[in-house]
Amino acid sequence: MRSLRATLTLWYTVALAATVLAFGVAITLIERGSNFRELESRLRASVREVERVLADGYRGGGRLVEHSNDPLTYTLRADLYRLLDPVAGWVIVVDSAGHGVYGSAEVRRLTPQAADSLRGRVFVTRPDLPFETYTLRLDGTPVRFVAVDVSSAGPDIAAVAVGEPVLDAEDAPRRLITSLLLISPLILLFGAGVGYVLSSRALQPVRAMIDELEAITDGRSLHRRLPVAGGAEPNELGRLANAINAVLARLETSFSAMRRFVADASHELKTPLTVMRAGVERALTDPRSPPEVMVPLEETLQEIQRTAEVVDTLLTLARVDEGRMDLARAPVELAGVLSEVFETAQILGEEAGVSVHLELPEEPVVVDADAARMHQLVMNLVTNAVKYTPRGGSVWISLTATAGSATIAVRDTGIGIAPGDIARVFDRFWRADMARSRTGERPGIGLGLSISKWIAEAHGGSIGVTSRPGRGSTFTVTLPRTPTTLPVTDS
Ligand code: ADP
């Protein structure tokens with residue numbers, strides 16, 4: 001997925017490229033237009049000049065042309081040649097029969113075909129115009145001409161045309177385009193850089209908002225709100241923040257209503273469950289109870305116990321979510337906690353045909369913790385290890401420590417967890433095999449590990465798991481050892 005910043009940078013660069021291109025084209029067209037206008041006004045001046053020389057010559061000395069039938073023989077009077085040759089450009093003068101009577105050096109150099117096509121065009125075809133302007137390609141060179149009919153130079157002279165190659169007029173724009181093309185990579189690079197910086201700056205508030213939202217959406221910080229950019233008159237981002245805040249407020253209300261409901265419901269269920277349990281236990285121990293009700297009563301007691309555990313767990317999580325779960329922290333010797341869990345685990349293991357082992361270090365490992373919660377944490381892991389290990393397997397409970405941390409590991413040779421499921425085992429109500437009955441071979445509701453995770457994190461520690469399907473799993477809990485809990489050593 002492309003980031004918004006990259007997209008904005010790309011669009012910025014494309015926009016800049018389009019602007020540079022449009023600018024280049026506009027400048028070129030303007031430059032070309034003005035060059036052509038200048039060229040034409042120069043040509044008109046030259047035409048007038050030629051016309052003036054011819055008219056003066058006619059007034060001063062009669063006939064201007066010696067007769068010749070060869071259309072390519074320029075036969076203007078020799079003294080006029082001297083006057084006309086200094087006129088810049090491609091100059092041609094024709095008589096009424098279309099014969100060229102004078103051609104400047106460039107015109108005289110033309111091939112006969114080119115000279116013919118030029119002579120054919122000298123006469124003005126639109127008498128309503130004072131000048132006629134056109135471009136002719138003569139021997140490969142495009143030449144712009146201004147032509148005019150001449151009546152002031154006697155019967156021998158009919159029309160005059162003066163031209164200049166347009167290459168000169170197009171040269172400057174072409175140079176401009178070339179320079180633009182040459183520097184365009186630099187412009188684009190610069191544009192991309194500026195675009196990147198600008199979009200980064202523009203998106204900075206959005207990134208801050210995302211960070212803030214990510215911190216909020218852990219579920220326990222729904223009371224927090226996003227800062228509103230722009231204050232009383234919010235801009236677009238401020239309005240977005242306002243909208244998100246409104247959603248957060250609604251979420252907070254429904255979340256707390258849900259938590260309160262779970263907490264209240266669990267709380268309300270506790271007493272009847274205790275009463276039911278006591279009743280069933282009494283019936284089980286009453287010698288007057290008929291033997292055929294014993295099995296159903298045992299099953300009922302088991303179900304009541306299981307339900308009581310679920311209710312207890314839900315109550316714990318509801319309290320955790322409401323932030324009402326305080327830890328009674330005190331220095332706890334972890335080996336003691338693990339030994340207690342080990343005793344229960346041995347009984348569980350015996351029933352399940354799984355051997356359970358305990359590995360403790362020589363020295364005591366003391367952490368600042370809530371002993372009951374620690375017990376619950378390790379018990380959850382060990383119960384799972386036994387539950388998810390087939391008959392004949394083994395479970396190891398171990399404790400190791402460094403100066404800064406204590407590590408509890410629960411390893412089993414059980415069914416393991418698929419790599420894709422590892423990330424989800426600590427989610428609430430998640431079970432690898434959701435389809436399997438919650439009460440069947442491996443009963444459970446998928447809350448044990450989420451509670452274990454909360455306990456580890458509430459102690460400033462962490463919990464993790466490595467596993468290979470079919471080979472077993474290792475759950476590792478790392479707890480920090482605060483300096484006060486370090487064993488005092490004499491130095
Ligand atoms: P529960 O055991 O009640 O289902 P947990 O939260 O304790 O709930 O565990 C969640 C899921 O993680 C279990 O359903 C199981 O699929 C998987 N799991 C936990 N521990 C182990 C283990 N030691 N080996 C294999 N899978 C495990």
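The chain is numbered in sequence order, starting from 1. In each ligand, atom 1 is the first atom listed, and ligand 1 is the first ligand listed.
Residue-ligand proximity, Ile417 to ligand 1, at heavy-atom distances under 4.0 Å covers atoms 25 (C), 26 (N), 27 (C). For ligand 1, the atoms lying closer than 4.0 Å to a non-hydrogen atom of Leu447 are 6 (O), 8 (O). Atoms of ligand 1 lying under 4.0 Å from any heavy atom of Lys387, numbered from 1 in the order shown and given with element: 1 (P), 2 (O), 3 (O). Every atom of ligand 1 is numbered from 1 in the order shown, and the set under 4.0 Å from a heavy atom of Phe475 is 20 (N), 21 (C), 22 (C), 23 (N).
Between Phe145 and Trp90, the angle of the ring planes goes over 60°, which puts this pair in the perpendicular group of the 30/60° scheme.
At least one heavy atom of Val425 sits under 4.0 Å from some atom of ligand 1.
Residues Arg5 and Ser200 bring a donor and an acceptor atom of their side chains to less than 3.5 Å of each other. Using a 3.5 Å distance cut-off with no hydrogens or angles, the side chains of Arg207 and Gln204 do pair a donor with an acceptor.
Salt-bridge formation is not detected for the pair Arg175/Glu31: no Lys NZ or Arg NE/NH1/NH2 atom is positioned less than 4.0 Å from an Asp or Glu carboxylate oxygen.
When Val410, Thr413, Asp427, Asn384 are checked for heavy-atom proximity to atom 20 (N) of ligand 1, Asn384 turns out nearest. For atom 1 (P) of ligand 1, the choice among Pro469, Gly414, Gly472, Gly446 with the nearest heavy atom turns out to be Gly446.
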Take Thr402 and Ser405 through the side chain to side chain donor-acceptor pair (under 3.5 Å) test and state the conclusion after the steps.
-> CA-CA 5 Å; Thr402 63; Ser405 65; 3.2 Å; yes
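Checking side-chain atoms of Asn380 against main-chain N and O of Gly448 turns up a donor-acceptor pair under 3.5 Å.
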